[in-house]
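Okay, structure first, notes after.
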Amino acid sequence: MTAATQTKALWATLAMLAAVKARFLAVLGPVYLPDSKNYVMFADAILDGDGWARSLDLHAELFPLTAFRVIGYPALIALFKMLFGGAWDWLLVALQMILSLGATALIWRLTLRLTGRIWPAAVAAAAQGLGLAFVLDQCVLTDSLHATLLTLLAAHMALGLLDGRQPGMVEALGLGLVLFAAFLLREAGAVMHLAHWPLILAWTLKTGSGLRRAGIVLVVFLLPLALGIQAYKSWNQMRSGERFITTVAQTAMYHPVLDLARRGLPVFAEDPLLADAPGLLPLDPIPGVTFTAINRHLKAAHGMSALAVARHAETLFYDHWQRHPLDRAAIYLGRMDPRYAYLAFMPLSGPERLSLWAGGSTPFPGPGEIRRNLLEHGRVDQALLLAARALARLISTVLTAAFLIGVPIVVLRSLRQDGWRPSALPARPLALGALWLFALAWPAVYALVYLEDRYLAAATPFVTVIGLALITPWVERAATWLRTRIAARAE
């Protein structure tokens with residue numbers, strides 16, 4: 001397998017994925033979801049003048065537009081509106097797709113580096129390109145760019161570790177700037193930067209740096225984010241008098257409150273500020289309705305600003321873990337939906353979901369319809385689609401199981417062989433372990449508050465990569481055995 005063959009295969013895969021993405025964009029156009037409206041309104045405020053940047057009244061609006069969301073994505077939308085007018089959303093989505101294909105290329109390289117085979121690299125690239133990234137790339141949301149940047153960071157670090165190349169200080173600073181850019185898209189970066197620590201420390205230490213240099217590299221990597229967060233808080237303090245990043249907790253952090261209320265716990269009655277709030281129970285099936293009711297009550301009855309409401313939610317979060325630890329633990333574990341095992345390989349479900357999000361239809365039959373459609377209407381195509389989706393889900397489940405179970409086995413086995421000395425771990429199991437921690441950090445942290453599968457878009461590609469790295473030898477042995485049996489019978 002020559003380098004030229006690998007390059008041709010990579011470009012062929014990227015070209016096919018680009019063609020599919022372009023076709024869906026041409027048919028469906030940019031996809032807008034409920035959150036898209038806030039980003040566009042924030043962008044319009046940026047274009048209307050600079051008053052918003054100098055003054056912010058946290059009491060004026062229930063959900064202050066320029067405080068509720070971090071500025072990165074609205075600023076990018078404003079830039080594209082200035083440059084491209086009415087076509088801004090098409091070109092923004094095109095940019096998201098192009099950058100996402102860049103992440104696909106690194107996923108290809110990482111899989112090839114771990115397996116030495118083109119076919120698992122192509123499977124990993126297709127899984128990433130047609131999975132959650134396929135859905136999110138076409139949406140006017142932060143998810144695509146955010147996941148792409150973090151995927152690029154993690155893959156770059158893992159490749160550096162596997163190649164035995166020391167990170168330079170300028171390189172670490174550049175990676176830190178990418179991390180800060182991701183924070184400007186989603187403020188969770190103020191916490192989720194921790195997911196990258198195992199990768200950059202493993203990369204630095206394994207490639208010959210001592211503890212002192214490894215610590216310096218980590219500091220340089222985190223410096224843009226640390227300074228950027230403080231600068232962002234200072235800007236908000238300048239315009240509002242309060243030091244904070246966003247007020248998104250005035251909705252997001254009330255999810256845990258509603259979770260406990262659904263279990264019948266008296267969380268509203270226990271709270272002196274919400275005990276007299278009207279209309280909270282029974283809970284509305286749409287959480288946003290209850291969030292709005294909570295915010296309106298706290299503002300009207302207690303004179304609380306948007307930031308005070310957000311901080312109250314954070315106080316309740318820690319209080320409820322002390323008051324109701326078993327219920328909170330049960331809710332936490334319940335967020336680990338087994339269906340997340342289907343995310344590692346979803347080449348049919350990704351395009352289907354994008355079509356549904358765009359207001360289109362699904363080619364799959366509804367529950368209980370396949371028997372009637374097959375017998376009465378001859379819809380063999382639907383039966384084949386269901387079989388293909390079932391096979392994709394089986395493959396995805398195998399990859400996820402290999403990821404979850406296989407990495408600890410590989411790392412522990414390697415540690416035992418090396419006398420239980422972590423410093424002696426070879427680069428491959430070390431990279432697998434660091435990527436394993438990176439990927440698991442996302443559901444582990446988000447499940448504390450609220451978890452949707454789109455929040456796992458940065459982690460899922462590495463579940464696929466590691467799963468493929470672990471099962472490829474078994475698949476090839478099975479294929480060799482099968483070919484031998486077939487050849488023997490033919491004789």
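All values below were derived from every heavy atom in this structure, side-chain atoms included, with hydrogens, water molecules and symmetry-related copies excluded.
With sequence neighbours excluded, the residues satisfying salt bridge (charged side-chain N to carboxylate O under 4.0 Å, His left out) with Glu242 are Arg311. For Arg165, the salt bridge (charged side-chain N to carboxylate O under 4.0 Å, His left out) partners are Glu171, not counting sequence neighbours. The salt bridge (charged side-chain N to carboxylate O under 4.0 Å, His left out) test applied to Asp284 returns no partner, not counting sequence neighbours. Scored by the side-chain hydrogen bond (donor to acceptor under 3.5 Å, both in side chains) test, Asp57 finds no partners at all (sequence neighbours excluded). Under the side-chain hydrogen bond (donor to acceptor under 3.5 Å, both in side chains) criterion, Trp119 pairs with Glu476, sequence neighbours left out. For Trp197, the side-chain hydrogen bond (donor to acceptor under 3.5 Å, both in side chains) partners at least two apart in sequence or on another chain are His193. With sequence neighbours left out, Asp35 forms a side-chain hydrogen bond (donor to acceptor under 3.5 Å, both in side chains) with Arg69. Applying the salt bridge (charged side-chain N to carboxylate O under 4.0 Å, His left out) test to Asp48 and every residue at least two apart in sequence or in another chain returns nothing.
Between Leu343 and the options Thr400, Asp453, Leu399, a side chain to side chain contact (heavy atoms under 4.5 Å, CB included) holds for only Asp453.
Under a 3.5 Å cut-off, the side chain of Gln128 and the backbone N or O of Val123 do not form any donor-acceptor pair. Under a 3.5 Å cut-off, the side chain of His302 and the backbone N or O of Leu273 do form a donor-acceptor pair. Judged by distance alone, the side chain of Thr247 and the main-chain N or O of Gln250 form no donor-acceptor pair under 3.5 Å. No donor-acceptor pair under 3.5 Å is formed between the side chain of Trp88 and the backbone N or O of Leu79. Although no hydrogens or angles enter the test, the distance criterion places a donor-acceptor pair under 3.5 Å between the side chain of Ser396 and the main chain of Phe345. With Ser349 contributing its side chain and Met346 its backbone, the two residues share no donor-acceptor pair below 3.5 Å. Looking only at distances, no side-chain donor or acceptor of Thr460 sits under 3.5 Å from a matching main-chain atom of Ala344. Between the side chain of Thr7 and the backbone N or O of Ala3 there is at least one donor-acceptor pair closer than 3.5 Å. The closest donor-acceptor contact from the side chain of Thr472 to the backbone of Leu468 lies under 3.5 Å.
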Derivation of the side chain to side chain donor-acceptor pair (under 3.5 Å) call for Arg353 and Thr362
CA-CA 8 Å; Arg353 185 187 296 192; Thr362 172; over 6 Å; no

Determine whether Gln230 and Tyr232 satisfy the following criterion, side chain to side chain donor-acceptor pair (under 3.5 Å), listing intermediate values before the conclusion.
CA-CA 5 Å; Gln230 295 308 313; Tyr232 205 94; over 6 Å; no

Candidate pair Met169 and Ile216, rule side-chain contact (heavy atoms from CB on, under 4.5 Å), full reasoning:
CA-CA 9 Å; Met169 293 300 172; Ile216 293 172; 3.4 Å; yes

Stepwise, does the side-chain contact (heavy atoms from CB on, under 4.5 Å) test hold for Ile77 with Phe42?
CA-CA 9 Å; Ile77 291 174; Phe42 193 164; over 6 Å; no

Could you give me the CA-CA distance, side-chain angles and deciding distance for Leu185 and Val70, then say whether side-chain contact (heavy atoms from CB on, under 4.5 Å) is met?
CA-CA 7 Å; Leu185 294 167; Val70 74; 5.7 Å; no

One pair to check against side-chain contact (heavy atoms from CB on, under 4.5 Å): Phe63 and Asn295. What are the steps and the verdict?
CA-CA 9 Å; Phe63 303 105; Asn295 276 264; 3.7 Å; yes

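Pairing each heavy atom of Phe317 with each of Leu448, the nearest pair is CE1-O, 3.2 Å. The nearest pair of heavy atoms linking Trp235 to Ala53 is NE1-O, 2.9 Å. Listed here is the closest heavy atom pair of Ala103 and Leu152: CA-CD2, 3.6 Å. Closest approach of Leu17 to Ala126, counting heavy atoms only: CD2-CA, 4.4 Å. Listed here is the closest heavy atom pair of Ile118 and Leu112: N-CD1, 4.0 Å. Nearest heavy atom pair, residue Ala249 against residue Glu314, reads CB-OE2, 3.8 Å.
Taking the six-membered ring where the residue is Trp, Trp436 and Phe403 present tilted rings, their angle falling between 30° and 60°. Using cut-offs of 30° and 60° for the angle between ring planes, the Phe291 and Tyr254 rings count as tilted.
Under the salt bridge (Lys or Arg N to Asp or Glu O under 4.0 Å) criterion, the residue pairs touching residues 338-348 are Asp337-Arg339, with sequence neighbours excluded. For residues 131-147, the pairs satisfying salt bridge (Lys or Arg N to Asp or Glu O under 4.0 Å) are Lys21-Asp137, Asp143-Arg186, Asp143-Arg454, with sequence neighbours left out. Pairs passing the salt bridge (Lys or Arg N to Asp or Glu O under 4.0 Å) check and including a residue from residues 70-81, sequence neighbours excluded, read Asp44-Lys81.
For the pair Phe24 and Phe134, the minimum side-chain heavy-atom distance is below 4.5 Å. Within the 4.5 Å cutoff, the side chain of Leu110 has heavy atoms near those of the Leu435 side chain. No side-chain heavy atom of Lys299 sits less than 4.5 Å from a side-chain heavy atom of Val309.
The 12-atom threshold is not exceeded at CD1 of Ile286, counting heavy atoms of other residues, nucleotides or ligands nearer than 6.0 Å. For Arg23, the CZ atom counts as loosely surrounded, since its 6.0 Å shell holds 12 or fewer non-hydrogen atoms of other residues, nucleotides or ligands.
At least one cation-pi condition fails for Arg54 and Trp52: the charged atom is not both under 6.0 angstrom from the six-membered ring centre and inside a 45 degree cone around its axis. The cationic group of Arg389 lies under 6.0 Å from the six-membered ring centre of Phe364 and within 45° of the ring axis, placing it in a cation-pi geometry.
In this structure, the separation between CE on Met304 and CD1 on Ile294 is 11.0 Å, given to the nearest 0.5 Å. Atom CG of Leu25 sits about 9.5 Å away from atom CG of Leu354, to the nearest 0.5 Å. Distance check: Ile245 CD1 to Leu307 CG gives 11.0 Å after rounding to the nearest 0.5 Å. The distance from atom CZ of Phe221 to atom CH2 of Trp203, rounded to the nearest 0.5 Å, is 9.5 Å. Here Arg379 contributes atom CZ and Leu386 contributes atom CG; the two are 10.5 Å apart, rounded to the nearest 0.5 Å. With values rounded to the nearest 0.5 angstrom, Met192 atom CE is found 11.0 Å from Leu179 atom CG.
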Per-pair distances, 0.1 Å, donor-acceptor, side chain in residues 439-446, under 3.5 Å, sequence neighbours excluded:
unit_1, atom_1, unit_2, atom_2, d
Trp442, NE1, Phe438, O, 3.3

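Residues Glu352 and Ser355 bring no donor and acceptor atom of their side chains to less than 3.5 Å of each other.
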